[in-house]
> 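This is the structure I have questions about; it appears just below.
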There are 2 protein chains.
Amino acid sequence: MDNRAIGVFDSGLGGLTAVKELISLMPKENIVYFGDTGRVPYGTRSSETIKKYAAQDIRFLQELDIKAIVVACGTVSTVALPLIKNNYDIPIVGVVEPSVRCALKATRNKKIGIIATPATIASHSYEDLIHDICPDAQTFSKACPLFVPVIEDGRFNRGDKIAASLVEEYLAPLKAQEIDTLILGCTHYPLLTEIISDYLGDGVSLINSGRAVAESIHGLLTEKELLCDNNDGLHRYYLSDSGLNFKKFASMFMGREISESVKQIDIERY
Amino acid sequence: MDNRAIGVFDSGLGGLTAVKELISLMPKENIVYFGDTGRVPYGTRSSETIKKYAAQDIRFLQELDIKAIVVACGTVSTVALPLIKNNYDIPIVGVVEPSVRCALKATRNKKIGIIATPATIASHSYEDLIHDICPDAQTFSKACPLFVPVIEDGRFNRGDKIAASLVEEYLAPLKAQEIDTLILGCTHYPLLTEIISDYLGDGVSLINSGRAVAESIHGLLTEKELLCDNNDGLHRYYLSDSGLNFKKFASMFMGREISESVKQIDIERY
């Protein structure tokens, strides 16, 4: 039993889709979220800078007394996590490995698609890990540079012409390869689930990386007997900018209104 | 006569469309460009942060011995410039006033459209200045949040379905109002000139803010007898990140290959 919080961080607010899944799976857990909105996006920074930012983000969360860390940021999970994960004495889980394990469990024809930001696709992290675990799996990856701006513009509902055109353009080559599983390798992408499902059809399993990482943390905390016995989990939100649009984006990514307040911190001090 | 350089800065690389116009109008002038690519975008930051960033950008340029400053950044021009322009003893020109003066010269029916990023539109800077100078002008403004990501994704040529759909969606209400002049209130937008012209027709004048600011600086330097008598202007480029994609974006915004090298600086030191 451990009533300390689970710390979650992302370069921005997309990681809230992981918080949504953590809450749905473990409603009693306390959760602290940090979104580095003052320095978003990470994907275009050098790997040195990304490592520095990730270390600061983790130092901030550690000061809040946490028992585990969820790296809900694709860029940090692929670029920095493999290099820094042994520096910490609490469990730290990124989005790549849990998503890959879910995808390998879901696939029947071993043809797995991966969509993500250009930086994540260029890192080959998902493909490399899939082939390490299952050498005869086939992977088909596609960078989707416009999905994040289109989603942040609120265009993710059925009937949006721009979102539907982009889904068709980006996914046509993966559909042609007859993938039966698609990893949504960016925490923003679950918002496009309906449009993507409509295009690919029911036969293709979509792997939500936030859901995968939540299941992974749940398994880990259960195994180590570190689950919380609170009645109601307490959820705290911190950002590195003023949080001007926090309510709007938070309710978009969490799928409901957020009543909790949000605090601004100076991440450069960590 | 003054052979010092003209300093130009932007939060990113869009300001290079202004450099292109400066070079085309004044090929003998030395130009120093600073793109704050390590801290882009500015539009989502607080006005305090934007003022701090702008002051640092100007301090860096001043150390390179310049005779005038072009603020090729819509956000700084609207949010910070009115507050800081009197702090400097060299001419400093933003994109708003030159664009508004060009638009008022071009319009015949006094119906002027303005397109820009959400932050610039929300500031009402263009509209307010138009009404200050010409109280009976009518203005119609539209925020175009997806133009920057779509342009940066290389989608600005005739035939691009996504760009054409967005142009139609964003500009339909302005077309319906029968504007005869449209201010492209973001230095990225000149790349969409063809698609926008195709949609609005030849009867609508498009005001390129980079061209407008270049003409304004040219007038100012001529009047003060501060033009350069070099044979060939020297152009230097500085960024606050590693410049990974500089060549690609620079050639996109300048409309030609860039042979000059680019240097990285630590803007936080200024």
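Here is how names work: the chains are called A, B, and so on, in the same order as the sequence lines, proteins then strands, and each is numbered from 1.
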> For Val150(B), is it the side chain, the backbone, both, or neither that has a heavy atom closer than 4.5 Å to a heavy atom of chain A?
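Answer is both: backbone and side chain atoms of Val150(B) are under 4.5 Å from chain A.
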
> So for Pro118(B), is it side chain, backbone, both, or neither that comes closer than 4.5 Å to the heavy atoms of chain A?
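Neither part, no heavy atoms under 4.5 Å.
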
> Does Lys263(B) have more than 12 heavy atoms from other residues, nucleotides or ligands lying within 6.0 Å of its NZ?
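No, NZ of Lys263(B) has 12 or fewer neighbouring heavy atoms, counting only those of other groups under 6.0 Å.
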
> Is the number of heavy atoms from other residues, nucleotides or ligands under 6.0 Å of Lys85(A) NZ greater than 12?
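Counting other residues, nucleotides and ligands, NZ of Lys85(A) stays at 12 neighbours or fewer.
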
> Measuring heavy-atom distances to chain A, does Arg155(B) have an atom under 4.5 Å in its side chain, in its backbone, in both, or in neither?
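When you check distances to chain A, only side chain atoms of Arg155(B) fall under 4.5 Å.
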
> Would you say that more than 12 heavy atoms from the other residues, nucleotides or ligands in this model lie under 6.0 Å from the CD of Glu260(B), or not?
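Enclosed.
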
> Step through the shown structure and confirm whether more than 12 heavy atoms of other residues, nucleotides or ligands are within 6.0 Å of CD on Glu268(A).
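Counting neighbours around CD of Glu268(A), more than 12 heavy atoms of other residues, nucleotides or ligands fall under 6.0 Å, so yes.
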
> Just verifying a value: how many Å separate Ile162(A) CD1 and Leu146(B) CG, rounded to the nearest 0.5 Å?
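Spacing of CD1 (Ile162(A)) from CG (Leu146(B)) equals 7.5 Å.
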
> Quick check for you: to the nearest 0.5 Å, what is the distance between Lys161(B) atom NZ and Lys161(A) atom NZ?
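These two atoms lie 9.5 Å from each other.
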
> For the residue pair Arg45(A) and Thr37(B), what are the closest heavy atoms and their distance?
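So the two residues come closest at NH1-O, 3.5 Å.
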
> Could you tell me which portion of Glu169(A) (side chain, backbone, both or neither) has an atom closer than 4.5 angstrom to a non-hydrogen atom of chain B?
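Side chain only.
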
